[in-house]
Amino acid sequence: MRVATWNVNSIRARSGRVVDWLVREDVDVLAMQEIKCKPEQFPLEAFEDAGYEVVAHGLNQWNGVAFASRLPMTDVDLSFPAQPGFLKGAEGPDLPLEARAIGVTIDGIRLWSLYVPNGRALDDPHYAYKLDWLARLNEETSSWLARHPDAPLALMGDWNVAPTDADMGDPSFVPGLSTHISPPERAAFAAFLDTGLTDVVRPIVPEGYTFWDYKQLRFPRNEGMRIDFILGSGAFADLVTDARIHRDERKGDAPSDHVPVSVDLELEGGDDLDRPMIF
DNA sequence: ATGGCGAGCGAAGCTCGA
């Protein structure tokens, strides 16, 4: 089974490219971020004509997450427990949740498509929101894994954190002044590793960015950032046989500023749509 | 000094992203 994550930067502006890529790369499951639309605005037909079911969570033109899958999806969640909300100018609990998380179960594997808040600036309320969001997500993940210690689980998406210096190639991000590289953000990301998740792509693809800003020739100069990750539980990591960062998807007409990241899973027993029977 | 790009909304110029 091939599973991928992609911040598509508006699915309505990108449905052709995304579906073409799914078919061409024989992807079974795609976690999307920044669909930038409500479910009723999602270009369903293009996906269904290609053989994919879609579940989408979007409230307005901002954020929005979704899954497209060739396999049945169950247990759809549109937020994680204790997910923080945000409202401009407001503080405290019970703020409205943004459309930044969707969870599904596919073939016994628990998958999340996550769009971590950007943070904007170190002194912006969005920065505290980002750190809180990551801390709450990690608490929930830890709790879930305690209840399901042997379950395959993956947190996939746009984390808006460059965990190491090698993941930051954009010279406009300055240590001490910029988000994505601040010690608290990196600590919040590293905490997921302490919880028992691992970056299942990095061992297979040790180098490469997943995002390049549209501005200032960032892609031709390869001044990008690695901020899109697939973090898997032990049981998930054991299934991974390959991984890729699809850098070419930043090329050509009307690309997203992010590229897809995919992993291949070897499932026990009943896989597989595409593996030849060998006797 | 400072934007460049691209999207949504809505019909100009904001807001947002990273």
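The figures here come from the full heavy-atom set of this structure, side chains too, leaving out hydrogens, waters and symmetry mates. Proteins get letters first, then strands, A, B, ... in listed order; numbering begins at 1 in each.
Of the side-chain N and O atoms in R14(A), one or more sit less than 4.0 angstrom from OP1 or OP2 of dA7(B). Taking side-chain N and O atoms only, R221(A) has no distance below 4.0 Å to OP1 or OP2 of dG4(B).
For R12(A) and dA7(B), the CZ to P distance is 12 Å, given to the nearest whole Å. One atom, CD1 of I35(A), and another, P of dG8(B), lie 12 Å apart when rounded to the nearest Å. One interatomic measurement links the two molecules: CG of L217(A) to P of dG3(B), which rounds to 17 Å at whole-angstrom precision. For R250(A) and dG6(B), the CZ to P distance is 8 Å, given to the nearest whole Å. Taking atom CD on Q61(A) and atom C1' on dG6(B), their separation rounds to 15 Å, with Å as the unit.
Ring orientation note: the planes of H246(A) and W21(A) are nearly perpendicular, at an angle over 60° on the 30°/60° scale.
dG10(B) and dT15(B): their P atoms are spaced 15 Å apart (whole Å). dA12(B) and dA1(B) are spaced 25 Å apart, taking the C1' atom of each and rounding to whole Å. Rounded to whole Å, the separation between the C1' atoms of dG17(B) and dA11(B) comes to 23 Å.
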**OP:** Quick one: do W133(A) and F80(A) satisfy ring pair (Phe, Tyr, Trp, His ring centres under 6.0 Å)? Show the steps, please.
**Re:** CA-CA 10 Å; W133(A) 205 93; F80(A) 57 85; 5.1 Å; yes

Original post:
Tell me, for nucleotides 11-18 of chain B in 5' to 3' order, what letter each nucleotide earns: B for a base near a protein heavy atom under 4.0 Å, S for only sugar-phosphate near one, - for neither?
Top reply: ----BSBB

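Few gaps surround CD on E40(A); more than 12 heavy atoms of other groups in view lie less than 6.0 Å from it.
A side-chain donor-acceptor contact under 3.5 Å links Q33(A) and S113(A).
For the pair R226(A) and Y209(A), the cation-pi criterion (under 6.0 Å, within 45° of the ring axis) is not fulfilled.
No side-chain donor-acceptor contact under 3.5 Å links R244(A) to the backbone of S262(A).
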